[in-house]
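Remarks on the structure that follows.
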Amino acid sequence: MSDKFTPTSKEELLARAEAVAGLSLAGLAQRLDIAMPSNSTQGKGFVGQLLELWLGATAGSLPQPDFQQLGIELKTIPINAQAKPIESTYVSIVPLRDIAGLSWEQSDIYKKLQHILWIPILTEKGLAIGERIIGSPILWQPSPQQAVILQQDWEELMDMVAMGEIEHITARLGTYLQIRPKGANASALTQAIGPEGESIMTLPRGFYLRTCFTQQILMEASHINSI
DNA sequence: GTCTGATCATTT
DNA sequence: AAATGATCAGAC
């Protein structure tokens, strides 16, 4: 039943995603002969991995788009019954060293944000993880206006990193993009640039998309779908 | 430790 | 209630 699948076109990928819209996570897990985690705390990441398996994502833990041949990144996004995102969306790790001369277009996050397959997951709290429902997929690319803001956010934040101001960066900065801790726990440390240009140890950080931004994406898509 | 996949727990 | 800062699970 769990025959392997590799998408060779975005149309094929989208069709494969549409085929499981309306299905519960437990339903898809059963189809793939995968065991469900007992709860959503232990199951962090399970939703994404389940859809990766179904859709034939290949990038593994590389900092590259999931479907390398197609240049498409896969993102599941938890939404409530009003179709509002429940959580921000992690995109990629923030480079904290050897970043001199790094441009927006060269960055890992730029490549991932060029083309995303969004899969909304209906995730009301109190709903068991297996009862979450897979929604209709959205194939998205940033509009020119969105691209400008994303680049501005990235440049503002990465300027601070390059200037040794990582410890002054909070999640309050950035219009669409924000930087937050992204590590196993508070004792996981990595090297970064300090105030005097020296090497310091700090928490690993990640780039996240704010819910106000991902909500835009979902709203635009529902508008298109309703025409 | 460095990435991927995210959601949890606490503060605001 | 929503946002921020912290954490969970797994591959390598």
Side-chain angles (χ1 to χ4, degrees), chain A residues 25 28-29 32 34-68 72-99 107-109 111-113 116-132 134-135 153 157 161 166-192 199-216:
Chain A
L25 294 183
L28 181 55
L32 293 171
I34 297 297
M36 289 295 301
S38 48
N39 61 63
S40 57
T41 302
Q42 288 190 331
K44 290 183 185 182
F46 174 81
V47 183
Q49 287 158 4
L50 185 65
L51 271 298
E52 280 184 346
L53 197 59
W54 171 248
L55 296 171
T58 54
S61 63
L62 298 175
Q64 292 297 319
D66 296 293
F67 303 97
Q68 295 173 289
I72 296 175
E73 171 75 7
L74 173 67
K75 285 292 169 201
T76 61
I77 180 164
I79 60 167
N80 65 17
Q82 288 74 240
K84 284 191 60 176
I86 294 173
E87 292 283 351
S88 55
T89 302
Y90 167 73
V91 184
S92 68
I93 209 74
V94 178
L96 298 177
R97 43 174 300 186
D98 302 328
I99 55 174
S107 66
D108 290 331
I109 185 172
K111 292 165 191 167
K112 289 192 174 190
L113 291 177
I116 295 182
L117 179 66
W118 296 95
I119 313 234
I121 307 289
L122 181 59
T123 310
E124 289 294 355
K125 72 173 179 184
L127 192 65
I129 182 169
E131 302 309 310
R132 297 182 186 180
I134 301 167
D153 284 344
L157 292 164
V161 174
I166 181 64
E167 302 296 6
H168 295 318
I169 293 179
T170 78
R172 294 168 182 79
L173 297 173
T175 304
Y176 293 162
L177 271 183
Q178 64 181 173
I179 287 181
R180 307 219 303 273
K182 174 58 170 165
N185 54 54
S187 50
L189 297 174
T190 191
Q191 286 193 322
S199 181
I200 62 170
M201 298 305 286
T202 190
L203 297 174
R205 307 301 215 285
F207 282 116
Y208 293 78
L209 297 174
R210 295 183 181 281
T211 54
C212 65
F213 183 62
T214 51
Q215 181 165 19
Q216 267 187 34

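In what follows, chains are A, B, ... by sequence order, proteins preceding strands, each numbered from 1. Excluded from the calculations below are hydrogen atoms, water molecules and symmetry mates; all remaining heavy atoms, backbone and side chain alike, are included.
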> Rounded to whole angstrom units, what separation is found between the CZ atom of A:Arg180 and the P atom of B:dT11?
Replying inline: 16 Å
> To the nearest angstrom, how far is A:Phe207 atom CZ from B:dG5 atom P?
Replying inline: 15 Å
> Between A:Lys182 and A:Asn80, who's closer to the 5' end of DNA chain C by nearest nucleotide?
Replying inline: A:Asn80
> How would you label the contact of A:Pro63 with the nucleic acid (heavy atoms, under 4.0 Å): base, sugar-phosphate, or nothing?
Replying inline: sugar-phosphate
> Hey, which of these two, A:Asp108 or A:Ser88, hits DNA chain B nearer its 5' end, going by closest nucleotide?
Replying inline: A:Asp108
> Of the candidate nucleotides B:dG5, C:dT4, B:dT7, which contains the atom at the shortest distance from the side chain of A:Ala171?
Replying inline: C:dT4
>> Taking A:Tyr90's backbone N and O only, do any of them form a donor-acceptor pair with A:Lys75's side chain (distance below 3.5 Å, no angle check)?
In response: yes
> Between C:dT4 and A:Gln178, is there an OP1 or OP2 to side-chain N/O distance shorter than 4.0 Å?
Replying inline: yes
> Separation of A:Ile93 atom CD1 from B:dG5 atom C1', in whole Å?
Replying inline: 12 Å
>> I want to check one thing: is the phosphate of C:dA3, taken as OP1 and OP2, less than 4.0 Å away from some side-chain N or O of A:Thr211?
In response: yes
>> Just the rounded figure in Å: distance from C1' of C:dT7 to OH of A:Tyr90.
In response: 14 Å
>> If the cut-off is 4.0 Å, is A:Thr190 near the phosphate of B:dT2, judged by side-chain N/O to OP1 or OP2?
In response: yes
> Does a side-chain N or O from A:Arg210 land closer than 4.0 Å to OP1 or OP2 of C:dT4, or not?
Replying inline: yes
>> Whole angstroms only, please: what is the CD-P distance between A:Gln64 and B:dT4?
In response: 9 Å
>> Taking 4.0 Å as the cut-off, does a side-chain nitrogen or oxygen of A:Thr76 come that near to OP1 or OP2 on B:dG5?
In response: no
> For the base of B:dA6, is there a side-chain donor-acceptor partner from A:Tyr208 under 3.5 Å away?
Replying inline: yes
